[in-house]
There are 2 protein chains.
Amino acid sequence: MAATTPVRERTRHEIVRHAMRLFQDRGHNATSLQDIASAAGCSKATVLYHFAGKPAVLAAVLEPAGADLAVLNAAADGMSRTEAQEFAIREFTDLAVRYRGVIDILQDVLPVIDEVPEIAQVVADGIKLTELLAASDDRLEQGLAKFAINGLLGECRHSGERTDDELRNLCDIALRRLLKPA
Amino acid sequence: MAATTPVRERTRHEIVRHAMRLFQDRGHNATSLQDIASAAGCSKATVLYHFAGKPAVLAAVLEPAGADLAVLNAAADGMSRTEAQEFAIREFTDLAVRYRGVIDILQDVLPVIDEVPEIAQVVADGIKLTELLAASDDRLEQGLAKFAINGLLGECRHSGERTDDELRNLCDIALRRLLKPA
DNA sequence: GTCTATACGAAGATAGAC
DNA sequence: GTCTATCTTCGTATAGAC
């Protein structure tokens with residue numbers, strides 16, 4: 001975090017950077033520690049010096065997006081249901097665009113998410129987000145909110161197909177149609 | 001297909017049946033051939049006698065749902081855009097409910113779908129379905145249709161959470177809000 | 001901090017007996 | 001058709017030198 005180049009953290013950072021790209025391009029499961037090490041220009045052993053294992057690498061990749069999601073949730077505290085919903089629609093769309101690559105990965109690892117306790121908070125925050133988006137405890141509305149999240153997550157796949165602006169516009173319209181129908 | 005019990009096919013059928021359940025419960029990747037064999041009450045070698053490999057088992061699991069999707073697409077041929085859209089909304093909802101377990105699996109394997117050429121047709125039919133649902137070649141409408149499919153696929157996860165009727169109702173409402181807003 | 005070398009286990013797949 | 005035994009490959013992780 002210092003202004004001086006933190007040499008100690010450079011390798012670690014390179015590992016996370018390349019792991020993210022590989023997870024995105026080939027999928028999490030299809031990426032081995034050897035793949036990550038080669039891409040980062042170091043050895044497998046070095047990767048395992050910096051991270052406890054592959055799950056820890058994954059956690060590091062997801063961490064920034066998870067942190068921003070937590071911020072989103074915290075910021076909605078104290079708002080009215082209606083305010084919070086509007087806020088969540090706007091901010092979640094924004095979050096999706098900013099982290100579209102990471103979200104692509106997130107989908108890929110959903111089936112094994114419980115093997116990575118480091119990111120349990122992300123799952124919890126995802127559920128919290130459902131409640132914000134629903135703006136009601138009605139079972140149907142909650143289901144629609146979940147539907148909306150899944151739809152939005154799905155759109156983040158295949159980054160090449162859409163520009164950021166197209167994605168933002170699409171998600172905004174879809175969320176509003178689903179959650180605030182005329 | 002004969003009315004008489006086809007003894008020759010019984011093991012094969014058991015394998016598919018248990019593979020489906022395991023893929024659903026633990027995820028495709030977390031399920032080994034050994035797991036499938038044990039559940040089906042036979043050996044790994046027997047599984048590989050009936051199927052060329054794990055991808056072939058997966059293909060057999062997905063095949064019935066894929067076949068019905070192809071039927072859906074074929075039936076829409078010759079309809080007007082508007083007719084086809086209404087038809088697709090109704091039939092796709094129905095398909096999702098009938099095959100909710102299989103759809104759960106489908107999501108899980110999307111990242112490795114291209115390793116299974118046997119089910120390339122399912123992917124092609126999924127794209128065709130997007131076009132039916134969109135009812136327009138507009139880029140935004142196509143995006144919303146894809147959003148809708150992703151949302152619906154996501155709802156099929158965690159079968160225990162919702163009854164079939166709840167799922168049907170939710171999907172119907174969501175698709176109409178997204179694709180035919182008032 | 002980073003490397004090479006290696007241990008260990010699991011998974012997919014094959015060979016050959018029955 | 002089904003089995004046991006075996007092969008090979010690969011991924012995770014550790015040991016120990018530099």
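Chain A is the first sequence line, chain B the second, and so forth, proteins listed ahead of strands; every chain is numbered from 1.
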Undergrad: Closest approach to the side chain of A:Ala45, judged atom by atom: which nucleotide of D:dT2, C:dC3, D:dT4 is it?
TA: C:dC3

Undergrad: With salt bridge (charged side-chain N to carboxylate O under 4.0 Å, His left out) as the test, would you mind laying out the steps for B:Lys128 and B:Glu131 before giving the verdict?
TA: CA-CA 5 Å; B:Lys128 175 93 186 298; B:Glu131 286 156 17; over 6 Å; no

Undergrad: Going by the rule side chain to side chain contact (heavy atoms under 4.5 Å, CB included), which residues pair with A:Asp137 if we only count those two or more places apart in sequence or in a different chain?
TA: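 Once residues adjacent in sequence are excluded, the partners of A:Asp137 under the side chain to side chain contact (heavy atoms under 4.5 Å, CB included) criterion are A:Arg81, A:Gln142.
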
Undergrad: Nearest whole Å is fine: how far is C:dA10 P from B:Lys54 NZ?
TA: 15 Å

Undergrad: What is the bend of the helix from C:dG1-D:dC18 to C:dC18-D:dG1 when you compare the axis at one end with the axis at the other, using five pairs each and rounding to 10°?
TA: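 Between the axes fitted at each end of the helix from C:dG1-D:dC18 to C:dC18-D:dG1 lies an angle of 0°.
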
Undergrad: Who passes salt bridge (charged side-chain N to carboxylate O under 4.0 Å, His left out) against A:Asp125, sequence neighbours left out?
TA: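 In terms of salt bridge (charged side-chain N to carboxylate O under 4.0 Å, His left out), with neighbours along the sequence ignored, A:Asp125 is linked to no residue.
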
Undergrad: Taking side chain to side chain donor-acceptor pair (under 3.5 Å) as the definition, give me every residue that meets it alongside A:Glu91, ordered by chain and number, with sequence neighbours left out.
TA: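 A:Glu91 satisfies side chain to side chain donor-acceptor pair (under 3.5 Å) with no other residue.
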
Undergrad: Can you name the residues that form a side chain to side chain contact (heavy atoms under 4.5 Å, CB included) with B:Ala145, not counting sequence neighbours?
TA: B:Thr130, B:Leu133, B:Ala134, B:Leu179

Undergrad: Base, sugar-phosphate, or nothing: which does B:Lys44 touch, judged by heavy atoms less than 4.0 Å apart?
TA: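 If one applies the 4.0 Å heavy-atom cut-off, B:Lys44 turns out to touch a base.
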
Undergrad: Just to verify, what does B:Leu48 make a side chain to side chain contact (heavy atoms under 4.5 Å, CB included) with, not counting sequence neighbours?
TA: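 Only B:Leu33 meet the side chain to side chain contact (heavy atoms under 4.5 Å, CB included) criterion with B:Leu48.
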
Undergrad: Tell me, please, which residues at least two apart from B:Arg157 pass side chain to side chain contact (heavy atoms under 4.5 Å, CB included).
TA: A:Leu110, B:Asp104, B:Gln107

Undergrad: Would you say a side-chain N or O of B:Tyr49 is under 4.0 Å from OP1 or OP2 of D:dG1?
TA: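 It does, given that an N or O in the side chain of B:Tyr49 lies less than 4.0 Å from OP1 or OP2 of D:dG1.
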
Undergrad: Hydrophobic side-chain clustering at under 4.5 Å (ILVMFWY, transitive links): who's grouped with A:Val97? Put none if nobody.
TA: A:Leu167

Undergrad: Whole angstrom is fine here: how far is it from CG in A:Leu48 over to C1' in C:dA5?
TA: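 Whole-Å distance recorded here is 14 Å.
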
Undergrad: Do any of residues 29-43 of chain A sit with a heavy atom less than 4.0 Å from DNA chain D, and if so which?
TA: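 Those residues whose heavy atoms fall under 4.0 Å from DNA chain D, taken from residues 29-43 of chain A in numerical order, are A:Ser32, A:Leu33.
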
Undergrad: Report the distance from atom CD of B:Glu115 to atom P of C:dG12, rounded to the nearest whole Å.
TA: 12 Å

